[in-house]
Amino acid sequence: MTAQIIDGKALSKSLREGFKTRVAQLGAQGVQPGLAVILVGDNPASRVYVGNKVKACEEVGVRSFHVGLAADTPEAEVLATIARLNADPAVHGILIQLPLPPHIDPRRVLEAISVNKDVDGFHLYNVGGLVVGNTIFPPCTPYGVQLLLDTTGTDVTGKNVVVVGASNIVGKPMALMLLQREATVTICHAKTRDLAQHTILADILIVAAGKPGLIVPQMVKQGAIVIDVGINRLPDGKIVGDVDFDGVKEKASWITPVPGGVGPMTVTMLIENTLRSAERALRMRQADDYQDWEAPVIHPVTG
Ligand code: NAP
């Protein structure tokens with residue numbers, strides 16, 4: 001068997017075409033969706049990611065606000081910037097590029113973003129929403145994976161899903177989203193004993209470990225769907241995922257390539273969340289419900 005390719009680039013392209021219509025519909029009602037991207041410091045990789053997000057926004061007509069802060073910006077100033085953007089009606093989504101410099105507590109910063117503008121889906125309110133199945137903004141990478149899975153026409157109900165990787169931004173939310181869809185979900189991580197014993201049972205195998213070559217054909221069930229979230233740069237500059245693509249594609253029924261699989265979907269889902277936020281804000285304003293809609297005030301419990 002040679003797997004069919006799940007083409008994230010093509011899906012992204014068609015979704016982004018659809019976004020243009022939604023932007024035009026919002027524009028007709030006097031709203032231009034806006035995304036603020038905050039970058040603290042000048043990490044070169046972060047600069048590239050931010051640049052890609054800004055460019056993707058512009059392509060579909062979403063206004064972007066790039067806020068660049070020096071690496072030594074005090075945490076209080078970052079929090080004040082977020083407060084200003086929370087109050088700005090032209091901004092529908094706020095994203096803070098991670099990682100942050102060590103003197104800034106990422107949790108405190110993420111919790112400062114209005115729940116209603118948390119288009120990355122990292123605020124505790126949205127994370128908690130994943131547990132009970134009613135998050136406002138699903139986190140972008142797992143959300144993209146879910147849409148890629150849908151293109152295969154597979155009903156995940158009752159399927160064995162194995163997620164390799166348990167990070168807060170990919171593995172855990174991914175597992176929760178598929179549990180919500182009534183899959184039987186196993187999460188593996190670096191301390192998992194005998195990884196292959198779990199992966200071989202997967203009808204759907206999702207890998208997000210950041211370890212090139214981690215998944216080889218012997219670890220994959222015949223006919224499985226394999227989604228490779230990993231992005232790794234090899235010493236020769238080549239970008240690869242966590243899955244031995246050439247070997248595994250001979251066993252899987254469907255597989256994502258790297259690049260061109262999950263990667264393009266992450267930015268696409270960020271725009272989707274920003275549009276959803278703008279549409280939601282408009283609906284609430286039209287319902288004359290703006291005050292009720294404003295973010296719940298959540299007081300973090302600090303030790
Ligand atoms: P992360 O925070 O480093 O988490 C990696 C996870 O993988 C951890 O839970 C870790 O286990 C687990 N892990 C590491 N080695 C393992 C092994 N040998 N066996 C089983 N599990 C193992 O990384 P992340 O942010 O989730 O990202 C994961 C990968 O996805 C990276 O390559 C990243 O570049 C990529 N990524 C891609 C996109 C995209 O748009 N395509 C978006 C985000 C991330 P412990 O918890 O036990 O340490």
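Atoms within a ligand are numbered from 1 in the order they appear, just like the ligands themselves. Worth saying up front: this structure is predicted, and the values here are computed from it rather than measured.
- Close N/O approach between Ala166 and ligand 1 is found [any backbone or side-chain N/O within under 3.5 Å].
- Atoms of ligand 1 lying under 4.0 Å from at least one heavy atom of Lys211, given by number and element, are 15 (N).
- The shortest side-chain heavy-atom distance between Met269 and Leu147 falls under the 4.5 Å cut-off.
- Residue contacts with ligand 1, taken as heavy atom pairs separated by less than 4.0 Å, involve Ile231 via backbone and side-chain atoms alike.
- Using a 4.0 Å cut-off to heavy atoms of Gly165, the atoms of ligand 1 that qualify are 6 (C), 7 (O), 9 (O), 12 (C).
- Within the 4.0 angstrom cut-off, atom 3 (O) of ligand 1 has no protein heavy-atom neighbours.
- Of the options Ala190, Ala209, Pro139, the smallest heavy-atom separation from atom 48 (O) of ligand 1 is shown by Ala190.
- For ligand 1, the polar-atom distance check against Ser167 finds a nitrogen or oxygen pair separated by under 3.5 Å.
- Tested against Leu149 for a side chain to side chain contact (heavy atoms under 4.5 Å, CB included), the candidates Ile204, Thr256, Val161, Thr154 yield a single pass: Ile204.
- Proximity of His189 to ligand 1, defined as any heavy-atom pair under 4.0 Å, is shared by backbone and side chain alike.
- Checked options Val164, Ile187, Leu178; the residue passing with Ile206 is Leu178 (criterion: side chain to side chain contact (heavy atoms under 4.5 Å, CB included)).
- Proximity of Leu110 to Asp120: side-chain heavy atoms (C-beta onward) are nowhere separated by under 4.5 Å.
- The part of Leu214 lying near ligand 1 is the side chain, judged by heavy-atom distances below 4.0 Å.
- The distance from the CE atom of Met177 to the OH atom of Tyr143 is 7.5 Å, given to the nearest 0.5 Å.
- Every atom of ligand 1 with a heavy atom of Ile169 under 4.0 Å away is listed here by number and element: 25 (O).
- Proximity to Val164 (heavy-atom distance under 4.0 Å) selects the following atoms of ligand 1: 20 (C), 21 (N).
- The ligand atoms of ligand 1 that sit less than 4.0 angstrom from a heavy atom of Val170 are 26 (O), 43 (C), 44 (C).
- Of the heavy atoms in Thr266, only side-chain atoms (C-beta onward) come closer than 4.0 Å to ligand 1.
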